[in-house]
Amino acid sequence: MSKELRCDTPSRRRFLQAAGLFGSIRLLGGSTALGATANSVRLPFVNGERELTRAFPQKGEMILLRTRPPLLETPFDVFDHGVFTPNDRFFVRWHLPYIPTQIDAEAFRLTVHGHLSKPLSLSLHQLMTEFESVEIAAINQCSGNSRGFFNPRVPGGQWANGAMGCARWTGVRLKDVLDRAGVSRGAVQVRFNGLDSGILAATPDFLKSLDIDHARDGEVMIAYGMNGEQLPVLNGFPLRLIVPGWYSTYWVKMLNDIEVLNKADDNYWMAKAYLIPDTPHASITPGQTGFKSVPINRMVPRSFITNLRDGDRVLVGHTVEIRGIAFGGDTGLSKVVWSRDGGAHWTDATLEEDHGKYCFRRWNAHFTPTARGESVLMVKAINTRGVEQPATANWNPGGFMRNVAESTKITIA
Ligand SMILES: Nc1nc2c(c(=O)[nH]1)N[C@H]1C(S)=C(S)[C@@H](COP(=O)(O)O)O[C@H]1N2
Ligand SMILES: [Mo]
C-alpha cells in the first residue's frame with residue numbers, strides 16, 4: 001500500500017517524467033579553439049591551459065579536458081558555493097567512445113543474472129516502486145582527481161582538483177535487489193556493466209566488480225536520482241551504482257547489467273587497470289619496481305580552501321575569513337585544522353553542518369594578520385579513524401589517490 005503511495009509522490013514522478021525525452025544529445029560538443037582568453041582557464045601546472053565549454057548537454061560551464069569520450073572538470077569556484085555540487089556543473093568522465101545518446105526509459109531494463117536462483121529483468125518503474133527508496137549524500141571522486149599535480153607527471157586525464165563532486169543520491173539498495181534475485185552460496189563478487197562500449201570489438205567493455213559482502217552491505221545503491229532530479233545523461237542516466245566512500249571508478253554509469261560471479265573477476269578493468277601499489281598512501285618512488293598492486297578502493301581524507309587562491313592579497317589589521325570543504329574519505333571527519341605559517345602551527349577550524357559521513361563538509365576559520373608579507377595557508381583533514389592528510393604528496397604511475405595537505409600562498413599587504 002505504502003509502495004503505491006510512494007510511487008505517486010511528486011519526486012518519483014520527476015525522476016520518470018523527463019526520462020527518454022532527450023532526443024539525440026550531442027556528445028561531440030566543444031570547439032577546439034584553445035587560447036581564446038575569454039573562455040579558457042589555466043590550471044596551476046605546466047600545460048594547464050583549458051577551454052571552458054558550455055557545449056555539452058545538461059551541463060553548464062565546464063573545463064574541457066577531452067571531447068570524446070568526454071572528460072569535463074568542475075571549475076573550482078563551484079565548490080565555494082556549498083557542499084552539493086549542482087548537476088549541471090558535476091564533472092564527467094567516460095572511458096569508451098560509444099555512449100548512447102538516446103535512452104528509452106520505458107523499454108530500459110536492469111538485468112540481474114549469474115550465480116543466483118532468480119534472474120531479474122527490472123523496469124525503471126519496478127525499481128522505483130517495488131523496492132524501498134533510500135537517499136545518501138556521497139562524494140563521487142575520480143581516482144585520478146588532481147593527477148595534473150603529480151611530479152614527475154604521469155599519463156592519464158590531467159585533472160586539477162575538480163574531478164570530484166558531492167550529491168544527494170536517491171535510489172534503492174543493491175542488497176535489496178540482490179536479495180530478490182536470491183544470491184547462491186559460493187558467490188564471490190558482483191560485476192556491473194553499463195550501456196557504453198568501445199567502437200572496436202577488441203576494446204574491453206568497462207566492467208567493475210565489488211566483493212559480495214561489500215555489494216550486500218546495505219550502503220551500496222543503485223541510484224536514479226541526483227540532487228532531486230534524474231541523473232544527467234553524462235552522469236549515467238537512467239541508473240548508476242553508488243559506492244559510498246570508494247573511488248568513482250566503481251560507480252558504474254548507465255548501469256543495465258549486474259552479474260553475480262562465483263569467482264573473482266579477472267576482466268581488464270579489474271585485473272589490469274585501476275591498480276595501486278599496496279604501500280602506505282599508495283606511494284612508491286618513481287622508477288621503483290617489484291611492489292605488489294591491488295585494485296584501488298577506499299578514499300582517503302582531503303580538504304581544500306575554496307575562497308582564497310594563490311596570489312590573493314589581504315589587508316593587514318583586517319579580519320580574513322578562510323573557508324572551504326573537507327571530507328574524511330571512507331568515513332566521517334574528526335576535524336579540520338589549518339595553518340597560516342606553512343604548517344608550523346595548526347589550529348582547529350570550525351566545522352559546519354554535517355550532511356553525513358560521505359559528504360563534503362564546510363569549514364571556516366578567521367584570523368587578523370598583524371604583519372605584512374607572504375603567508376602560506378594550509379588545511380588538513382583528519383578522519384574518525386585518525387587518518388590524516390600527509391605533508392608530502394604521494395606518487396604512483398597511475399596518478400591515483402593524491403591527498404597531500406593543500407597550500408595557498410597569499411600576500412598580506
Ligand atoms: N559506464 C561507465 N561508468 C563509469 C565510467 C565509465 O567509463 N563507464 N567511468 C567511471 C569513472 S573512472 C569515473 S571517475 C566516474 C565518473 O562519474 P561522473 O562522470 O558521473 O562524474 O564514472 C565511473 N563510471
Ligand atoms: Mo575515474
Side-chain angles (χ1 to χ4, degrees), residues 27 56-60 62-66 68-75 78-79 84-101 103 108 110 138-148 154-159 161-169 171 191-199 203-210 220 222-227 229-244 246-258 267-270 272-276 295-297 299 398-402:
L27 289 180
F56 287 80
Q58 301 171 292
K59 291 288 159 183
M62 299 294 288
I63 301 170
L64 181 66
L65 271 69
R66 186 179 68 195
R68 190 177 190 205
L71 290 184
L72 308 176
E73 174 165 347
T74 301
V78 170
F79 300 109
F84 293 108
T85 316
N87 292 3
D88 67 345
R89 310 302 298 282
F90 210 98
F91 87 100
V92 171
R93 195 268 189 264
W94 292 88
H95 291 81
L96 306 177
Y98 177 72
I99 306 165
T101 51
I103 292 169
F108 178 89
L110 172 65
I139 295 160
N140 173 25
Q141 181 186 209
C142 181
S143 324
N145 190 24
S146 319
R147 183 184 283 121
V154 292
Q158 299 298 302
W159 305 104
N161 295 325
M164 61 175 187
C166 182
R168 281 197 180 88
W169 308 97
R191 176 153 78 185
F192 307 92
N193 194 5
L195 292 168
D196 52 333
S197 62
I199 285 169
T203 310
D205 201 5
F206 186 77
L207 303 167
K208 296 299 289 187
S209 296
L210 297 175
V220 177
I222 301 166
Y224 47 77
M226 176 173 174
N227 292 322
E229 303 292 333
Q230 61 178 41
L231 297 164
V233 172
L234 291 173
N235 299 107
F237 177 85
L239 299 175
R240 86 174 301 169
L241 198 71
I242 304 300
V243 190
W246 281 49
Y247 284 99
S248 48
T249 181
Y250 295 96
W251 297 41
V252 173
K253 299 190 280 189
M254 292 189 180
L255 175 68
N256 72 325
D257 188 278
I258 298 178
N267 101 81
Y268 173 84
W269 295 102
M270 288 301 292
K272 298 272 189 329
Y274 286 101
L275 300 181
I276 53 165
I296 195 165
N297 49 87
M299 294 201 289
F400 295 139
M401 293 180 74
R402 184 179 169 93

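Here the structure is a predicted model, which is why all the values come from computation and not from measurement. In each ligand, atom 1 is the first atom listed, and ligand 1 is the first ligand listed. Note that the numbering runs from 1 along the sequence shown for the chain.
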Query raised in the report: Quick one: does Thr249 get an N or O within less than 3.5 Å of an N or O on ligand 1?
Result: no
Of all the non-hydrogen atoms in the protein, which one sits nearest to [atom], and at what distance?
| atom | answer |
| --- | --- |
| atom 3 (N) of ligand 1 | Lys253 N, 2.9 Å |
| atom 20 (O) of ligand 1 | Arg240 NH1, 2.6 Å |
| atom 14 (S) of ligand 1 | Ser248 OG, 3.1 Å |
| atom 7 (O) of ligand 1 | His95 ND1, 2.7 Å |
| atom 21 (O) of ligand 1 | Phe91 O, 2.7 Å |
| atom 4 (C) of ligand 1 | Phe206 CE2, 3.5 Å |
| atom 24 (N) of ligand 1 | Trp251 O, 3.0 Å |

Could you check whether any side-chain heavy atom of [X] comes within less than 4.5 Å of a side-chain heavy atom of [Y], counting everything from C-beta outward?
| X | Y | answer |
| --- | --- | --- |
| Trp269 | His95 | yes |
| Asn235 | Arg240 | yes |
| Asn140 | Trp169 | yes |
| Leu71 | Phe91 | no |

Requested in this report: Start with the C-alpha gap between Tyr250 and Tyr274, add the side-chain angles, then the distance that decides, and say whether ring-ring contact (aromatic ring centres under 6.0 Å, His included) holds.
Outcome: CA-CA 10 Å; Tyr250 295 96; Tyr274 286 101; 8.0 Å; no
Query raised in the report: With a distance cut-off below 6.0 Å to the six-membered ring centre and an angular limit of 45° from the axis, does Lys208 pair with Phe192 as a cation-pi contact?
Result: no
Atoms in ligand 1 flagged as close to [X], the criterion being non-hydrogen separation under 4.0 Å:
| X | value |
| --- | --- |
| Trp94 | 1 (N), 2 (C), 7 (O), 8 (N) |
| Tyr274 | 12 (S) |
| Cys142 | 14 (S) |
| Asn140 | 17 (O), 18 (P), 20 (O), 21 (O) |
| Asn235 | 18 (P), 19 (O), 20 (O), 21 (O) |
| Asp196 | 1 (N), 2 (C), 6 (C), 7 (O), 8 (N) |

Query - For Thr249, the option from Ser143, Cys142, Pro295 that meets side-chain contact (heavy atoms from CB on, under 4.5 Å) - result: Ser143
Query raised in the report: Can Lys208 be said to touch ligand 1, with heavy atoms closer than 4.0 Å?
Result: no
Between the main-chain N or O of [Y] and the side-chain N or O of [X], is there a donor-acceptor pair closer than 3.5 Å?
| X | Y | result |
| --- | --- | --- |
| Lys59 | Asn87 | yes |
| Lys253 | Asp196 | no |
| Trp159 | Leu72 | no |

